[in-house]
Amino acid sequence: MSVLPENKIIINAKTAKELGLKNDDLVKIVSPTNPEGIWDLNNGEIIPVQGKIHIKQGIRPGIVSVSWHYGHSAYGGNDVIVDGELIKGEKLRLGGLCPNSVMENVSLENLIGGSTSYYDSKVNLVKL
């Protein structure tokens, strides 16, 4: 977290130019299965799937890349009660975004490895 406190949405410079985006522009990720681009935790909390753009030539044009390891709703980020005692969360742990909810209901399969292929999820970016 001290080296990279949040993940970003990585896109190619050509894609950024086509979408009119610059580094650190805030965008929302949407998909056919999640056109609102939200993560509904089903506990009254709704988290927008949004983050900052990072332009990098090392990614193919038209591709969106997001590290899955950030923006989770727990992992010590929220307050919890354990055995009647309040354990305060560390809000820094909630930084970044988790792209899972825009890839829900993906049934594409990686035929070589046999697992679900999130690499083929179709998403769009909406500038905020």
Side-chain angles (χ1 to χ4, degrees):
M1 296 299 296
S2 64
V3 175
L4 191 63
E6 67 179 344
N7 58 343
K8 294 192 178 184
I9 300 165
I10 304 170
I11 60 175
N12 183 280
K14 180 179 177 186
T15 305
K17 184 175 181 181
E18 290 170 356
L19 298 175
L21 298 172
K22 302 182 305 284
N23 272 321
D24 291 326
D25 278 352
L26 188 62
V27 300
K28 178 169 53 171
I29 303 176
V30 298
S31 68
T33 59
N34 191 337
E36 296 87 21
I38 60 167
W39 184 13
D40 187 348
L41 301 181
N42 295 313
N43 65 358
E45 187 176 357
I46 294 175
I47 301 171
V49 182
Q50 64 186 38
K52 296 175 187 171
I53 289 293
H54 178 75
I55 299 169
K56 188 172 188 173
Q57 284 300 97
I59 188 168
R60 183 182 176 123
I63 300 296
V64 173
S65 178
V66 181
S67 171
W68 178 83
H69 300 89
Y70 290 79
H72 297 279
S73 64
Y75 294 165
N78 292 321
D79 295 350
V80 294
I81 297 176
V82 177
D83 294 331
E85 182 181 344
L86 175 66
I87 309 298
K88 296 296 283 179
E90 183 181 358
K91 297 302 177 196
L92 181 63
R93 292 175 175 257
L94 299 174
L97 71 144
C98 180
N100 275 18
S101 67
V102 294
M103 297 185 293
E104 275 185 27
N105 302 320
V106 173
S107 59
L108 302 171
E109 183 179 347
N110 173 338
L111 297 177
I112 295 171
S115 62
T116 302
S117 179
Y118 290 107
Y119 303 115
D120 299 312
S121 298
K122 305 288 186 195
V123 299
N124 289 312
L125 303 177
V126 177
K127 188 173 181 178
L128 298 174

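Just so it is clear, the structure is predicted and the values come from calculations on it, not from any experiment.
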Are [X] and [Y] close enough that some pair of their side-chain heavy atoms sits under 4.5 Å apart?
X      : Y     : result
Ile53  : Lys8  : no
Leu125 : Leu21 : yes
Leu94  : Asn78 : yes
Val126 : Ile29 : no
Leu97  : Asn7  : yes
Leu128 : Gln50 : yes

Between [X] and [Y], which heavy-atom pair has the shortest distance, and what is it?
X      : Y     : value
Lys122 : Ser31 : O-CB, 3.5 Å
Ser65  : Ile59 : CB-CD1, 3.4 Å
Ser67  : Pro99 : O-CD, 4.1 Å
Ile10  : Lys56 : CG2-CB, 3.8 Å

Residue that, paired with Val64, satisfies side chain to side chain contact (heavy atoms under 4.5 Å, CB included) out of Val123, Val102, Thr15 | Val123
Result of checking Ile55, Leu26, Val49, Val66 against Ile9 for side chain to side chain contact (heavy atoms under 4.5 Å, CB included) | Val66
Count the heavy atoms belonging to other residues, nucleotides or ligands that lie under 6.0 Å from NZ of Lys14, then report whether that count exceeds 12.
-> no
More than 12 heavy atoms of other groups within 6.0 Å of Glu45 CD = yes
Under 3.5 Å, is there a donor-acceptor pair between the side chain of Lys28 and the main chain of Glu36?
-> yes
Tell me whether Tyr70 is reachable from Ile38 by hopping between hydrophobic residues (I, L, V, M, F, W, Y) whose side-chain heavy atoms are closer than 4.5 Å.
-> no
Shared hydrophobic cluster, Leu19 / Val30 (ILVMFWY, side-chain heavy atoms < 4.5 Å) = no
Evaluate the criterion side-chain contact (heavy atoms from CB on, under 4.5 Å) for residue pair Glu85 and Ile87; output intermediate values, then yes/no.
-> CA-CA 6 Å; Glu85 182 181 344; Ile87 309 298; 4.0 Å; yes
Salt-bridge contact Lys52-Asp25 (side-chain N to carboxylate O under 4.0 Å) = no
Run the numbers on Lys88 and Asp79 for salt bridge (charged side-chain N to carboxylate O under 4.0 Å, His left out), then give the verdict.
-> CA-CA 5 Å; Lys88 296 296 283 179; Asp79 295 350; 3.2 Å; yes
Drop me the distance from Glu18's CD to Asn12's CG, to the nearest 0.5 angstrom.
-> 8.5 Å
